[in-house]
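Because only heavy atoms are used, hydrogens play no part in the values below, and waters and symmetry mates are left out as well, while side chains stay in. Reminder, nothing fancy here: chain letters follow the sequence lines and each chain counts from 1. This structure is a prediction, so every number in the text was calculated from the model and none was measured.
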Number of protein chains: 2
Amino acid sequence: METGYRGIPIPTIKRFPSYLRLLEGYREEGMEMISATTLAEELGLKPIQVRKDISCTGIEGKPKVGFSVTKLIEAIVRTLGWDNATDAIVIGAGHLGSALARYEGFESYGLKIVAAFDVDSQKWGTWLGNVPVYPLDKLQLYVEEHHVNIGVLAVPADHAQETAELLMKSGIVAIWNFAPKDLKLPPHVVVQRTDLATSFAVLSAKVKQKIQKKELSIEIDEW
Amino acid sequence: METGYRGIPIPTIKRFPSYLRLLEGYREEGMEMISATTLAEELGLKPIQVRKDISCTGIEGKPKVGFSVTKLIEAIVRTLGWDNATDAIVIGAGHLGSALARYEGFESYGLKIVAAFDVDSQKWGTWLGNVPVYPLDKLQLYVEEHHVNIGVLAVPADHAQETAELLMKSGIVAIWNFAPKDLKLPPHVVVQRTDLATSFAVLSAKVKQKIQKKELSIEIDEW
DNA sequence: TAGATTGTTAATCGATTAACAATC
DNA sequence: TAGATTGTTAATCGATTAACAATC
């Protein structure tokens, strides 16, 4: 059985934004060509890994010279799908939802927050930066009328599941979940978590491991 | 040459918080035993993976019955190092820093935000929930006096590197970096990113892949 | 040219998954 | 007991890394 197209590895996808930030800096400095070797050094990666990652974009480099900075940027942006701007809504206008709605960096990812929704009537009609806050009841209608694709979920954990289901029913394609809750949704909905607990778990584990290593003696780090 | 202790796999660490949330729900319901099979089903994982993960905590189960809910919770919490509360400070009292300082969920991870710091003199002396905001100049002294271990970095990207170096010099052990910037720090400092761009990149790629697959027909994704 | 860098093919490494005996 | 579940050992899978020919 032929499964065919396998897709770009998730770890590679995760490194792309770092490449992009670095490359945009180089572009601003007027640099035209960049080698995988330099990118690797700058990001603490191995050159071979950077080359492998870049090869996923389909772009070609010149031996001894490297890659065109602008072409590489374009290729990565295209590979991530960040060249087509997508409208998104934020659900939950609490502290986190508010910070997300106001965040200006999303533009460069092709993400545009067009509205926020909340159950709290006191927030209706207010603005989070340039983003208006509407009643949650208006969500379904808004999504249908404005063809919103992405829902940014920033509600409390105990309302995450039901809100996600509402988003799904409204026709949202993908959910970016900031609530500390694992959603159970049918596989046709794309869900991506940004879970503080998960991130902090890795930090904690690294700290703990470092302490353990130091106790068991062994080597030293310089600097 | 014997390298010895290898540590718990990062993917396992990342799944632990999901197990914990689920288990705490079961504990509240008064459930005493739980099987890996049930946990797996609830989280959309394979039973074998859950068993492997659990085995990393060192806890033992009973065939046909499962694991003690409370013992499993304790074991995971201990494995993550969440049983020892750690003091942390937030640097940058903008929208994101403010949301982080006010977030109450950190308690259950053994993380306590004790202060925030900002360059903006207008913010000095104000409070983010229960967290006071101090001048950035006071950071070094504060860290030394209060033995703060963790710095939560929520400053703009163009100040992230220098602020991280300040934290390092002040004696901070680990940095939780929310700035969209890759930090260059010596290996003895533990750094963990929570990068919106990275998370959104995965979301974008999944959406794009799904569209492509739908065109080519065929099946689904994980995560 | 010589040397650095690309791109491909193969080897390695680590995590996931499968198989199955042990056990309550 | 029979059947479900654990825990271990081996197989598989995917990503990283190594090796090296091609090339500007």
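Rounded to whole Å, atom P of C/dA15 lies 11 Å from atom CD1 of B/I8. One can place NZ of B/K46 at 19 Å from P of D/dA11, the figure rounded to the nearest angstrom. Atom CD1 in B/I10 sits roughly 18 Å away from atom C1' in D/dG14 (whole-Å rounding). Atom-to-atom, CG of A/L45 to P of D/dT16 comes out at 10 Å; the value is rounded to the nearest Å. One can place CG of B/L72 at 11 Å from P of D/dG7, the figure rounded to the nearest angstrom. Whole-Å rounding puts the A/Q49 CD to D/dG14 P distance at 18 Å. Taking atom CD1 of A/I13 as the reference point, atom P of D/dT16 lies 12 Å away to the nearest angstrom. We find that NZ of B/K14 is positioned 15 Å from C1' of C/dG14, with the value rounded to whole Å.
For B/T37, the side-chain atoms get nearest to D/dT6 when compared with the rest of D/dT6, D/dA15, D/dC24. Listed nucleotides: D/dT17, C/dC24, C/dT6. Nearest to the side chain of A/S35: C/dT6. Proximity note for B/K64 (side chain, C-beta onward) versus D/dA4, D/dT9, C/dG7: the nearest is D/dA4. Checking D/dC24, C/dC24, D/dA18 against every side-chain atom of B/P63, the shortest atom distance belongs to C/dC24. Among the nucleotides D/dG7, D/dC24, D/dT17, the one closest to the side chain of B/E60 is D/dG7. Set against D/dA15, C/dT17, D/dT6, the side chain of A/P11 has D/dA15 as its closest nucleotide.
Using a 4.0 Å cut-off between charged side-chain N and carboxylate O, A/R193 and A/D182 make a salt bridge. Salt-bridge annotation for A/D53 and A/R15: present, with a side-chain N of the basic residue lying under 4.0 Å from a carboxylate O of the acidic one. In this structure, B/E42 pairs ionically with A/K184, as a charged nitrogen and a carboxylate oxygen lie closer than 4.0 Å. At a threshold of 4.0 Å, the pair B/K208-A/D83 does not count as salt-bridged, since none of the basic side-chain nitrogens sits closer than that to a carboxylate oxygen.
Among the heavy atoms of the strands, none lies under 4.0 Å from B/S55.
A/S98 and A/R102 are linked by a side-chain donor-acceptor pair at a separation below 3.5 angstrom, with hydrogens and angles left out of the test.
Side chain A/K52 to base D/dT17: a donor-acceptor pair is found below 3.5 Å.
Using the Watson-Crick or G-U wobble rule with both distances under 3.5 Å, C/dG14 pairs with D/dC13. Under the Watson-Crick or G-U wobble criterion, with both distances below 3.5 Å, C/dA21 is paired with D/dT6.
Taking the ring centroids of B/F106 and B/W176, they lie under the 6.0 Å cut-off.
Between A/K62 and B/I48, it is B/I48 whose nearest contact on DNA chain D lies nearer the 5' terminus. Each of B/R15 and A/P47 was assigned the nucleotide of DNA chain C with the nearest heavy atom; the assignment lying further toward the 5' end belongs to A/P47.
For A/R51 and D/dC20, the shortest distance from a side-chain N or O to OP1 or OP2 is not below 4.0 Å.
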